[in-house]
Amino acid sequence: MKAMILGASGLLGKALMREWSGDEVVGLTSRDVDIRDREKVREVVEEARPDWIVLAAAYTDVDGCESHPDLAFAVNRDGAVNVTQAANRADAKVVFLSSDYVFDGKKTAPYGTEDPRNPQSVYGRSKAEAEVRLLEVLPECCIARTSWLFGTGGKCFPDTILKLAASRPVLDVVNDQRGCPTYSVDLARAIVELCRTHARGIVHVTNAGDCSWFEFAREIVKAAGLATEVRPISSQQMARPAPRPAYSVLSAKSLEPYGIAAPTWQDALQRYLQERQG
Ligand SMILES: NC(=O)c1ccc[n+]([C@@H]2O[C@H](COP(=O)([O-])OP(=O)(O)OC[C@H]3O[C@@H](n4cnc5c(N)ncnc54)[C@H](OP(=O)(O)O)[C@@H]3O)[C@@H](O)[C@H]2O)c1
């Protein structure tokens, strides 16, 4: 099998490049191909002839998307369509990375893959519209929604908390948004498995269990053996440009047919801390 990873310099892309073994893997960044450039995308896909394309490339700055909606839609929706059309022509399969932010966060039980999309932010809308378009272009494509990604080799929540905790005695963290932290290594392993098992349709891929950002931060500080006090605050006390869903826990049911069982986020956090020290 030959796999092409778009977004190979990102948090997930780096983990995929490290974790994927036993197959031929080509990793591309925006310097190799800008996914907004339809002709170039077609060229690189036709040249490489991959069996699978993992589309991890995206404009992921959720607040930045609010002030640059044109860029958000150009990369996250139209760029994804370019890649999927090229895949279609070259007979390649696609795993597209989507987000929990396609949901409005009004539920109080885990979101299933069939739950209606109702994004509240530009980033969420760009991903939701991409999902709809991709399923039109390539109905058998796989849409892997994930959430709260963390890992080494890029900016992420645990890294920010650890850096702040090293210099501050107290940290205030929002306690009214709930989701599933996801370790890039575990997500990468699950994606490899999804490709090997010819996954199609929408799947939810996160670590098991859920928490608020406050609970996540408290566990990070504790696991790192730091004495920093972590205090819960509300989202209103920490206004940000993009609205976030209050509850975006994704149900893991869709992974069952593929025999993928995700480790808990607490276990993943321990492994992340080891990798970070490493
Ligand atoms: N991070 C999260 O919490 C989260 C949650 C849910 C879903 N996701 C989704 O999971 C996927 C991976 O996220 P991530 O955190 O690994 O992303 P990331 O670290 O921000 O990396 C983004 C990647 O996309 C590439 N890229 C950006 N614009 C591009 C363009 N126009 N053309 C080609 N490549 C472009 C970047 O390349 P350069 O380095 O060359 O710019 C980089 O490799 C994304 O689809 C994201 O939306 C992430």
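Any value given below was found using the heavy atoms of this structure, including those in side chains, with hydrogens, waters and symmetry copies removed. Index from 1, following the sequence. Just follow the structure's listing: the first ligand is 1, and inside any ligand the first atom is 1.
The six-membered or imidazole ring of Phe157 lies away from that of Trp148, with a centre-to-centre distance of 6.0 Å or more.
With sequence neighbours left out, the salt bridge (charged side-chain N to carboxylate O under 4.0 Å, His left out) criterion links Arg77 to Glu129. For Trp52, the ring-ring contact (aromatic ring centres under 6.0 Å, His included) criterion is met by no residue, not counting sequence neighbours.
Taking 4.5 Å as the limit, every side-chain heavy atom of Thr60 sits out of range of all side-chain heavy atoms of Leu149.
Between His204 and Phe103, the angle of the ring planes goes over 60°, which puts this pair in the perpendicular group of the 30/60° scheme.
Taking a heavy-atom cut-off of under 4.0 Å, ligand 1 is surrounded by Gly7, Ala8, Ser9, Gly10, Leu11, Leu12, Thr29, Ser30, Val33, Asp34, Ile35, Arg36, Ala56, Ala57, Ala58, Thr60, Val75, Leu97, Ser98, Ser99, Tyr123, Lys127, Thr146, Ser147, Trp148, Leu149.
Among residue pairs with one or both ends in residues 261-278, those qualifying as side chain to side chain donor-acceptor pair (under 3.5 Å) are Arg18-Glu275, Thr152-Glu275, Asp159-Arg276, Tyr183-Glu275, Asp186-Arg271, Asp267-Arg271, Tyr272-Arg276; sequence neighbours excluded.
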